[in-house]
Each structure stands twice: as structure tokens, then as C-alpha cells.
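Side chains are part of it too, since the values below use all heavy atoms of this structure and drop only hydrogens, waters and symmetry mates. Chain letters run A, B, ... following the sequence lines, proteins first and then strands; every chain starts at 1.
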Amino acid sequence: MEIDKIYEPQTKEKKWYKFWMDNGHFTPKIDPDKKPYTILIPPPNVTGILHMGHVLNNTYQDVMVRYQRMTGHPTLWLPGVDHAGIATQNVVEKELAKEGLTRFDVGRDKLVERIWEWKEQKGGRIIEQLKQLGASCDWSRERYTMDDVLSKAVRKVFVHLYEKDLIYKGNYIINWCPRCNTALSNDEVEHEDETGKLWHICYPFSDGSDFVTVATTRPETMLGDVAVAVNPNDERYKDKIGQTVLLPFIGREIPIIADEYVDMTFGTGCVKITPAHDPNDFMMGQRHGLEPILVMDDHGVMNENAGPLFVGMNRFDCRKKIVEQLQQQRLLAKIEDHQHAVGHCYRCATVIEPYLSDQWFVRMKPLGEPAIDVVNKGEVKFIPERWTKVYLHWMENIRDWCISRQIWWGHRIPAWYCECGEMIVSEEDPTTCPKCGSDKLRQDEDVLDTWFSSWLWPFSTMGWPEKTEDLEYFLPTNLLVTAPGIIYLWVARMIMSTLEFTGKIPFDTVFLHGMVLDEQGRKMSKSLGNSPDPIDLIAIYGADALRFSMIFNTPRGQDSYFSEGVIEHGRNFANKIWNAYRFIMMSVEKIEGLPADDEIELELADKWILSRLNQVTKEANEHFEAVRFNDAAQLLQEFIWKEFCSWYLELSKDRIYNDDNPKAQRTAKYILLHVLEQSMRLLHPLMPFITEEIWQSLKGMLPIEEEALIIANYPQADDCLIDANVDAKMQLVQDCISCIRNLRKQMGISPGKMVNVSIKVARGEQKAIIEDNLGYFSKLAKVEEMTCGTDVERPKPSLADVVTDIEIYLPLTGLVDIDSEIARLEKQEAKLAQDLGRIESKLNNESFTSRAPQEVVDKEKEKYEEVRVTLEKTRTLLDDLR
RNA sequence: GGGUGCUUAGCUCAGUUGGGAGAGCACCUGCCUUACAAGCAGGUGGUCGGCGGUUCAAGUCCGUUAGCACCCACCA
């Protein structure tokens with residue numbers, strides 16, 4: 001058989017993905033007797049293309065899904081795509097702009113149509129890319145948040161919450177993005193610390209007698225001021241309360257009011273009140289019955305309320321002009337630098353404007369309580385655990401959720417207005433007004449926040465509100481894998497909605513991973529150009545290499561640094577596996593059949609590799625169960641590369657090449673095939689393609705009935721084969737060999753030269769182990785003759801003549817140099833003896849034993865005993881060595 | 001202003017209940033040893049951020065301090 005010398009992933013990966021798809025291996029078979037395992041994909045945006053963050057996120061999910069599938073659970077990885085309201089509309093609006101059009105030119109229906117067209121042609125590219133990564137999602141269940149079923153769920157939920165009075169509509173200050181032209185929820189605003197200015201502005205009293213000074217970071221909003229507030233306890237202004245000042249530029253007479261909210265120590269202790277453009281001012285305005293005045297339109301342009309001087313200017317130009325004008329009129333008392341957090345739109349980074357407008361909200365507090373409970377009770381767990389606190393803190397301070405968006409792409413709010421003024425909220429489109437019977441109904445123009453469909457993901461994807469088999473079987477799901485950035489936006493809300501609408505938790509474990517940064521620790525971004533295209537990487541290195549590297553390189557729950565050097569590691573590992581496979585196939589080709597049961601003769605290396613295989617199997621299972629992916633990756637790499645390839649494979653060669661002993665030959669063949677085959681199973685979740693490729697060509701040579709590795713059983717450890725005694729014996733051999741190699745190197749003996757070695761060991765049993773396995777020394781350390789004993793003479797060191805026989809004196813006690821070990825133990829002995837003496841005298845001291853509490857004395861006695869035992873052990877060991 | 005996390009070899013990180021400081025990469029040396037030079041073998045390198053405490057014993061527990069990162073927050 002010809003096997004490539006270098007592993008070529010490209011063709012093989014396509015072949016196996018198709019094989020899995022064609023055989024329906026990604027689709028679980030519902031079996032009521034078995035416990036299902038389910039992961040919901042965090043639906044990528046329909047506009048999205050695969051980036052390194054997705055690679056990490058989806059690799060984690062696929063690893064777990066493949067592991068669980070192999071352990072026998074009917075396993076579902078439910079995929080889908082999010083319609084991403086603002087993001088998608090932005091993309092299509094950009095296309096329109098190229099044609100010189102705006103959305104208003106084409107109109108609502110046409111725009112929505114274009115967005116659907118766009119989706120058909122270009123959307124969901126990321127799905128194809130996930131397939132290249134090896135994602136074993138059940139594509140027959142793929143969902144889109146704008147699917148009919150999901151839309152139905154959205155309406156049902158909306159109406160339900162409305163009827164429970166958990167959805168309300170009203171005029172409040174919300175976060176407004178003047179570029180996207182829509183409201184945003186608090187969680188969609190990203191705050192960034194910036195150095196701004198604090199302008200101190202003089203407002204003269206109406207009678208012209210004097211003035212008060214207010215401080216503001218947004219002077220343009222002064223045009224909408226309706227009052228000036230001071231703290232009622234502030235002595236400076238006590239007598240001013242109730243007086244009025246004249247608002248510059250506008251000439252409006254506004255009162256000085258008293259409100260506890262005002263911080264006397266900040267600025268001048270005087271606050272301008274702009275209820276239409278600041279949330280606090282809005283609340284104060286409500287408390288004092290002040291009418292808000294909007295001075296901007298929805299594009300952030302000053303309106304007629306801003307006065308003739310400023311109308312038509314955008315907010316930032318207006319700010320400049322106001323400051324200029326104030327300076328001219330000598331009303332600007334002071335300008336200070338000021339650090340404050342400025343909100344930006346999470347979609348387009350435009351500075352957010354707090355803005356008074358009519359919006360829909362979800363009352364969150366009542367939904368939050370059960371969601372707090374399930375986390376407190378441990379029914380939903382976070383990994384790493386620390387995120388629990390973050391979640392609970394947010395939930396306990398939860399605020400109402402603004403869900404209406406003034407865009408066109410999304411689920412339109414199921415509310416209609418009749419000309420009679422009646423509002424109808426309904427799952428089905430109403431035809432007539434139930435109050436007046438009119439058919440002149442107008443649906444609310446707004447659409448719902450994208451997250452209003454995402455938060456239903458755990459059950460809307462399974463067909464809710466119908467009572468489907470999926471819903472019954474797969475919910476609650478098990479693992480949610482996502483980044484901490486959307487705990488509030490998504491994770492928390494899914495817990496709330498799923499509890500409210502199904503009475504179940506959505507998932508029992510939330511695994512939160514970090515970000516993928518570049519080598520310099522910067523975020524990957526298009527503008528920096530530091531984000532490699534994963535598809536290119538897959539084309540060059542293969543998906544297995546990419547997957548393994550990402551997992552191997554990423555510490556649990558922390559950010560990781562990616563560079564191409566990282567992925568080379570995975571590529572090299574794949575190649576290593578491939579060559580081990582190549583060696584084994586080439587070696588066993590000529591060897592007929594497998595050994596019969598009574599032919600199997602296991603020697604030390606065989607017993608050892610089986611022991612290690614089972615130990616590793618045990619640990620791999622533990623790592624996957626505990627969601628410790630990188631530990632699993634490290635463990636398996638170490639085992640396959642170091643233990644199996646570097647040690648076992650080398651040691652098997654003598655028997656494999658020796659045709660004179662067919663029994664031993666067949667035994668070695670069997671162990672090689674068996675360990676390789678088991679290793680492929682163990683590694684499959686991490687590197688699915690190469691393992692399937694190798695396993696498929698291997699399985700005919702072993703008694704295996706499973707048809708594909710992807711659905712083969714994950715190995716379970718056989719504890720009987722884990723033998724610490726065997727491990728220790730092998731360890732001794734390995735350490736001796738390393739020692740000899742080290743000394744050879746130090747003495748400059750060429751690698752191929754055979755040498756004679758004398759070894760001094762501490763105990764007779766060690767001598768026996770070495771002498772029983774002289775072949776290993778010959779093979780791996782080029783030892784010709786070995787003299788081994790507890791009393792071997794130290795030969796005269798002769799480095800000069802290294803032509804034929806060299807004797808190496810190798811003082812060993814198990815693993816370490818005897819002399820330095822004795823020195824170390826002597827030091828330890830002295831210290832322990834001293835410690836023991838100190839404790840003893842303390843215990844003999846009457847004033848201590850009589851005065852100290854009994855517990856303390858007992859503790860001291862315990863310690864005495866502990867130190868005494870340690871000292872005894874140390875002395876025994878020392879005697880042994882001397 | 002609150003909260004969380006991190007600080008161990010040049011880099012990225014392990015280090016489970018306190019008891020002889022580890023891995024990978026990088027670097028140096030020697031090897032094309034018939035699976036693999038994307039490899040093999042050997043090696044250099046650390047006052048475990050600082051200070052203080054508990055303990056016979058601290059990378060590990062406690063306190064404190066510094067630096068970094070992220071999250072939350074309506075002080076104009």
C-alpha cells in the first residue's frame with residue numbers, strides 16, 4: 001500500500017464530510033430510552049463570515065457534540081442563523097446607496113423584499129464555512145430567526161407578555177442612534193471613556209440681578225432646558241429656589257427647583273434640567289411636572305425648538321457654535337477637561353443620544369426572579385464559575401428592555417391602531433376593530449429588537465408553541481458555548497423566556513470562552529488587518545490542524561493569542577499521526593493475521609502502553625465531561641506523540657522486523673494496531689477528519705463492527721489494565737535510557753556508536769528490571785553490554801579514548817543521582833530534626849500546655865507526629881541509599 | 001465609582017487537598033538512525049509581581065500594595 005509521506009488534508013476532509021452527511025450521522029435518532037445531548041448554536045448573523053472567534057466557538061461545540069455522540073447519547077447540535085435586524089438592513093442599505101438610493105426611495109415593502117433576496121444570494125455564507133470546519137450540526141433542522149415557525153413564536157410571546165402586562169408602551173428616554181435611526185436597548189450601547197469638556201455656563205436671573213452657573217458636558221442640550229436644579233440642603237442656593245432664570249439664546253424663563261438628586265459637591269452644585277435629552281433630567285422633570293422639550297430630530301439635527309440661531313445644524317456643529325456664542329456673550333465661566341463614559345452604537349459606533357420617544361418595553365423584573373432562582377439552585381451552571389456573580393448582579397439590577405426598533409427589517413410589532421384610537425395587540429392580523437368595527441387599521445411601524453427573537457431560540461427552534469417531539473425530547477439542552485459579551489443580551493434572556501414559556505431551563509451549563517487576539521494582544525479587526533481568514537488557514541493547514549491548534553492554544557475561559565505559528569503546531573501533530581499510521585501500515589503489511597489469544601505474549605512495553613492507554617482514556621473522559629478541552633488536547637497529544645510514537649513505536653521495531661519469532665511479531669502488530677485504533681477514537685472529537693481517515697483503513701484489520709468512527713463508541717477505561725507497578729518499571733527504564741543518552745551526548749559519543757555501560761542501582765529489584773529489558777537499552781541507547789548491580793565499581797573516567805568500549809558510570813536510585821539525593825535528604829533530615837526538637841520542647845513546656853487551648857495543643861501534637869513520621873521516612877531512605 | 005480576572009522560563013500557559021518548580025513554542029548542540037527534518041536525541045533558562053502574616057513547611061492559605069485586562073454604573 002502506498003501512503004503519502006506527508007498528510008494532505010484537503011481532499012480527505014471534503015470526502016469525509018460528505019460521507020457523514022450522506023449517511024445522516026449528524027441527525028440524532030430519537031430514542032426515549034436514551035438520554036439526549038443537545039447544544040444550541042449561537043446563531044451567527046446572516047451577514048456574518050467566519051472569523052477566528054467563530055472558529056474557537058464552534059470548534060468547542062463540535063468537540064463536545066462529537067464526544068457525546070460517541071458516548072452513545074442521541075446528540076443534536078441545532079444550527080441556525082440570526083436575521084440580525086440592524087446589521088442586515090445596513091448591508092442592504094449600503095447596496096442601495098451604490099445605486100444612489102435610500103431606503104425611503106424604495107419604500108418599506110421593496111426594502112424587505114431586497115433583504116430577502118440578499119439573504120438568498122449572499123446570506124448565510126458562514127454556514128458553508130462551518131461545514132469546512134467540520135461542524136457536525138444537524139443541518140436538516142437548520143433554522144432562521146425569520147422562519148414562519150419562529151415568527152409565530154415571536155408573536156405568541158409578544159401577545160402573551162402584553163396580556164400579562166409585562167409589555168408596555170410609553171414615552172421614555174431611550175438610547176437613540178442618529179445614524180441607524182432607531183432606538184437601542186441599554187445593552188446595545190457600548191460605553192467608552194473619553195476626555196471631554198465640562199462647560200460652566202451662566203444663566204442670568206430674570207430680573208438681571210445676578211446669575212447661576214451650571215456645568216454640562218453637552219451644551220447643545222441647554223436649548224431644551226426647562227429648569228435649573230439645586231440640592232434643597234445646599235446653603236448656597238437656598239434662597240434662590242423658586243426664582244427664575246433666563247435661558248440664553250432662547251429667552252425662556254425657567255425656574256430654579258430643589259431636588260435631592262443633585263450632588264452638592266459636583267461642579268457648581270447647579271444642574272440644568274433637560275428632560276427630553278437626559279434620563280435623570282427626565283425623571284426629575286416628571287417629579288416636578290415639567291414639560292420636556294425636544295430640540296433635535298431623529299437624525300441628531302437641531303429642530304425649530306432650538307431657536308433660529310441653531311435650527312438645522314447637526315448636534316456637534318451646534319455644540320461648537322453654542323460655545324462660541326456663549327463666549328462672545330461672556331456667559332461661559334469656565335471650561336474644564338472631564339473624563340466621562342460616552343455611549344456608542346454597538347452596530348455603527350455613532351455617539352448615542354439619550355432621546356425622548358415613544359417605545360415598547362418589556363417589564364423584566366418579574367421574569368428575572370425565576371431566572372435568578374435556577375442559577376442559585378445550581379440548575380444552570382456557568383463555567384468558569386465566576387460568571388455566575390456577573391449574571392446574578394445584572395439580574396438583580398435588571399432594567400426594563402426597550403424592544404422596539406425604528407427599522408424595517410425584523411419582526412413587525414403585532415399591534416394595530418384603529419382610526420377610533422383603539423389599539424389591538426393580536427397574534428393574527430386583525431381585519432376589523434373590535435371596538436368600532438372599522439377596517440381602517442394601521443399596523444405599528446416598528447419592528448422588534450433582533451434579540452426578541454434570539455431570546456426564544458431554545459424553544460422556538462424546536463417548534464414551540466406546537467407540542468413537538470423535539471421540544472419534548474431535546475429541551476432542556478445541555479451546553480451553551482458563547483462569549484461573555486452576550487451574557488446579558490442573550491444568555492440571561494434565554495433563561496428568562498424559556499422558564500416563562502416552557503417551564504424548563506434552556507440549558508444546564510453555560511461555557512464562556514475568551515476572545516481570540518492577535519500576537520500583540522489586540523482584538524482581531526478588519527481595520528487593523530490582523531485577522532486571518534480561517535478559510536485560507538483551512539485550505540493550507542487543514543481543519544483538523546486549525547481545530548486542534550485553537551483548542552490546544554486556548555486556556556480555559558481566557559483570551560488566546562493567535563498567530564500562524566500556533567497552527568503549525570496542529571499541522572505538525574497531524575503529520576506526526578499520519579506518519580505513525582504510515583509506519584504501522586507498512587510494518588504490518590507482511591505480517592499475517594492477528595495473534596490467537598494464547599499467542600499473545602506481552603512484554604514490559606506492551607503492558608506499559610496498555611496501562612497508559614487506559615489511564616489516558618480515563619482522563620480524557622474526565623476532561624471532556626468537565627468541559628476541559630485544552631487539557632484533553634494536551635493529554636492526547638502527549639500520549640500519542642511522546643509515549644506511543646517516541647517510546648512504544650521505537651521499542652516495537654525489534655519484534656516487528658524479526659521474522660524469526662512470529663508470535664512476538666504478531667503480538668507487537670496487534671498492540672500497535674489496537675493502540676492506534678483506540679487513539680483515533682480518543683482523538684476524534686478534536687481532529688475528526690484525519691482520525692476517520694485512518695480509522696476507516698484500520699478497522700478491517702481488527703474485529704470492529706461499527707461503520708464509522710463518528711458514531712463509534714468512545715473508549716472507556718479498563719481499570720484492570722492500569723498498572724502502577726508496570727508504569728513504575730517502565731519509568732525506570734526510560735529514566736535510565738535518558739540518562740545514558742545524556743551522558744553519551746556530554747561525552748561526545750556519536751549517536752550510532754555502541755557502548756558498554758555500567759549502572760549502579762540502589763536496590764536489587766531495579767537491577768532485575770534493567771536486566772530483564774536489556775533489549776530496550778540496546779535499541780534506544782545503543783548499549784552493547786550492560787553491567788548492572790548495587791555495588792558496581794566506579795570506573796576511572798576516560799574521555800580520551802572513545803573508540804570502542806566506553807564505560808559509563810550511572811549512579812541511580814530509581815531516577816536521581818545518588819550523591820545529590822543523599823545531600824538533599826541529609827539537609828532535609830537536619831531541618832526536620834530541628835523542627836521536631838522545637839515542637840517537642842514546646843510540648844514539654846508547662847506554661848504552654850496548661851495555658852493554650854486544648855485544640856491548639858492537640859494541633860501541635862498532630863504536627864509533632866507528622867514531622868516525626870516524615871523524619872523517620874527520610875532516615876530509612878537515607879540508610880537505604882548509603 | 002463599583003465588580004471580576006490575571007501576574008510562574010524570552011513568549012503562551014499547567015501546577016487538583018500546602019511537603020523535591022513543569023509543558024509547548026523559541027533558543028543552543030548533535031543527528032538526513034529504512035514512519036515522520038512538519039522529524040529524532042540532548043541541553044541552557046525561573047529570587048513563582050512587591051511587602052507582611054499563618055505554618056515545622058507557602059507558587060499554593062490570609063492580609064496588603066502595584067501593574068495589566070475586562071465588565072458594570074443615570075453624577076450633570
Side-chain angles (χ1 to χ4, degrees), chain A residues 3 5-7 173 186 191 198-199 214-218 221 229 261-263 265-274 278-283 338 340-341 354 384 386-387 389-390 393-394 397 399 484-485 487-488 514-515 519 521 541 545 552-561 563 565-566 568-587 630-631 634 637-638 645-646 649-650 653 657 737-738 741-746 748-752 780-782 816 821 824-825 828 831-839 859-860 863-864 866-867 870-871:
Chain A
I3 298 173
K5 200 170 171 183
I6 286 176
Y7 176 61
I173 296 276
N186 293 325
H191 292 275
L198 194 57
W199 284 277
V214 298
T216 180
T217 55
R218 295 187 299 148
T221 63
Y261 166 80
V262 179
D263 180 352
T265 64
F266 188 89
T268 59
C270 259
V271 194
K272 57 192 266 324
I273 302 299
T274 323
D278 184 280
N280 300 312
D281 293 6
F282 179 74
M283 289 189 300
H338 181 65
H340 62 152
R386 63 192 144 93
W387 294 109
K389 260 190 174 176
V390 175
H393 180 260
W394 186 76
N397 298 286
R399 290 180 287 164
I487 290 181
Y488 312 138
M515 280 185 303
E519 288 168 279
Y541 298 98
F552 186 80
N553 188 247
T554 306
R556 181 155 111 134
Q558 287 184 47
D559 295 343
S560 63
Y561 301 88
S563 64
V566 169
E568 278 173 18
H569 177 71
R571 188 262 320 257
N572 294 355
F573 182 42
N575 201 45
K576 184 75 188 176
I577 295 166
W578 185 251
N579 275 290
Y581 158 71
R582 180 164 168 259
F583 163 74
I584 291 170
M585 293 307 268
M586 279 166 25
S587 309
N630 58 336
D631 285 347
Q634 208 158 356
Q637 186 214 258
E638 180 83 6
C645 292
S646 294
L649 229 113
E650 292 302 326
K653 283 179 179 174
Y657 292 146
I737 288 173
S738 292
R741 285 168 168 172
N742 182 354
L743 288 175
R744 288 181 62 116
K745 176 90 177 175
Q746 279 180 33
I749 301 168
S750 74
L780 296 185
K782 295 275 185 277
V816 198
E821 179 70 1
R824 189 183 72 81
L825 286 173
Q828 186 175 318
K831 191 145 191 286
L832 285 168
Q834 196 188 348
D835 292 343
L836 196 68
R838 199 163 24 193
I839 304 173
K859 208 177 155 199
E860 208 65 18
K863 268 177 206 160
Y864 178 82
E866 223 173 279
V867 174
T870 314
L871 181 60

Quick check: does any side chain N or O of Arg582(A) sit under 3.5 Å from a backbone N or O of Tyr7(A), one acting as donor and the other as acceptor? no
Please report the interatomic distance CG(Asn579(A)) to CE(Met585(A)), rounded to the nearest 0.5 Å. 13.5 Å
Between C25(B) and C68(B), how far apart are the two C1' atoms, rounded to whole Å? 23 Å
Under 4.0 angstrom, heavy atoms only, what part of the nucleic acid is Lys5(A) near: base, sugar-phosphate, or nothing? sugar-phosphate
Using a 4.0 Å heavy-atom cut-off across all strands, classify Ser587(A) as base, sugar-phosphate, or nothing. nothing
To the nearest angstrom, how far is Arg744(A) atom CZ from A41(B) atom C1'? 10 Å
What is the nucleic acid contact for Arg571(A), judged by heavy atoms within less than 4.0 Å: base, sugar-phosphate only, or nothing? base
Pair partner, A66(B) [Watson-Crick or wobble, under 3.5 Å]: U7(B)
How many angstroms lie between atom CG of Asn186(A) and atom CZ of Arg399(A), to the nearest 0.5 angstrom? 4.0 Å
So what does Ile273(A) touch, heavy atoms closer than 4.0 Å: a base, only the sugar-phosphate, or nothing? nothing
Please determine, for the side chain of Tyr561(A), which listed nucleotide (A38(B), U12(B), A35(B)) has the closest atom? U12(B)
Whole-Å C1' distance, U55(B) and G63(B): 16 Å
Is C40(B) paired to anything, Watson-Crick or G-U wobble with both distances less than 3.5 Å, and if yes, which nucleotide? G30(B)
Could you check how far NE2 of His569(A) sits from C1' of U12(B), rounded to whole Å? 12 Å
Hey, does the side chain of Arg744(A) reach the backbone of Ser750(A) with a donor-acceptor pair shorter than 3.5 angstrom? yes
Per-nucleotide protein contact string for nucleotides 70-76 of chain B, where B marks a base within reach and S marks sugar-phosphate only (heavy atoms under 4.0 Å, - for neither): -SSBBBB
Can you check the Asn397(A) CG to G2(B) C1' distance for me, whole Å? 11 Å
Roughly, in whole Å, what's the span from CG in Asn579(A) to P in U33(B)? 15 Å
G30(B) OP1/OP2 closer than 4.0 Å to side-chain N/O of Ser750(A): no
So, does Arg386(A) get its side chain near the phosphate of U4(B), meaning an N or O under 4.0 Å from OP1 or OP2? no
Measure the distance from CZ on Arg556(A) to C1' on U12(B) and round it to the nearest whole Å. 18 Å
Shortest non-hydrogen contact from Ala545(A) toward Arg571(A): CB-N, 3.4 Å
Using the P atom on both, measure A76(B) against U7(B) and round to a whole Å. 35 Å
Roughly, in whole Å, what's the span from CD1 in Ile6(A) to C1' in A37(B)? 10 Å
Atom CG in Leu780(A), atom NZ in Lys653(A): separation rounded to 0.5 Å? 9.5 Å
Say we look at A14(B) and G59(B): how far apart would their C1' atoms be, to the nearest angstrom? 12 Å
Check for a donor-acceptor pair, side chain of Asp559(A) on one end and backbone N or O of Gly514(A) on the other, with a separation under 3.5 Å. no
Fit a plane to each ring of Trp394(A) and Tyr488(A), take the angle between them on a 0 to 90° scale, and name the class: parallel (under 30°), tilted (30 to 60°) or perpendicular (over 60°). parallel
Length of the CG-P vector between Asp631(A) and A23(B), whole Å: 16 Å
Using a cut-off of 4.0 Å on non-hydrogen atoms, how would the nucleic acid contact of Gln637(A) be classed: base, sugar-phosphate, or nothing? nothing
Could you measure between the two C1' atoms, the one in C56(B) and the one in G15(B), and give it in whole Å? 24 Å
Hey, what do you get for CZ (Phe552(A)) to CG (Asn630(A)), rounding to the nearest 0.5 Å? 9.0 Å
Per Lys389(A) side chain, nearest of listed nucleotides G42(B), U4(B), G30(B): U4(B)
Selection from G24(B), A41(B), C31(B) that lies nearest to any side-chain heavy atom of Lys745(A): A41(B)
Pick the P atom in G22(B) and in G43(B), then give their distance to the nearest Å. 13 Å
With a 4.0 Å cut-off on heavy atoms, is Ile487(A) in touch with a base, just the backbone sugar-phosphate, or nothing at all? nothing
State the pairing partner of A35(B); accept Watson-Crick or G-U wobble contacts with both distances under 3.5 Å, and report none otherwise. none
Does any non-hydrogen side-chain atom of Asp281(A) lie less than 4.5 Å from one of Thr274(A)? yes
Does Tyr657(A) have a side-chain nitrogen or oxygen under 4.0 Å from the phosphate oxygens OP1 or OP2 of A35(B)? yes
May I have the distance from Lys576(A) (atom NZ) to G24(B) (atom P), rounded to whole angstrom? 13 Å
What nucleic acid atoms does Ser646(A) come within less than 4.0 Å of, heavy atoms only: base, sugar-phosphate, or nothing? sugar-phosphate
In the strands shown, is U60(B) matched to any nucleotide by a Watson-Crick or G-U wobble pair with both distances under 3.5 Å, and which? none
Any strand is fair game: report the nucleotide pairing with U55(B) by Watson-Crick or G-U wobble, both distances under 3.5 Å, or none. none
Does A76(B) pair with anything, Watson-Crick or G-U wobble, both distances under 3.5 Å, and if so, with which nucleotide? none
In whole Å, measure the gap between the C1' atoms of U47(B) and G5(B) for me. 26 Å
Both Gln634(A) and Asn572(A) contact RNA chain B. Which one's nearest nucleotide lies toward the 5' end? Gln634(A)
Would you measure the distance from the C1' atom in C31(B) across to the matching atom in G45(B) and give it in whole Å? 24 Å
Checking N1-N3 plus N6-O4 or O6-N4 for Watson-Crick, or N1-O2 and O6-N3 for wobble, each under 3.5 Å, the partner of A23(B) is U12(B)
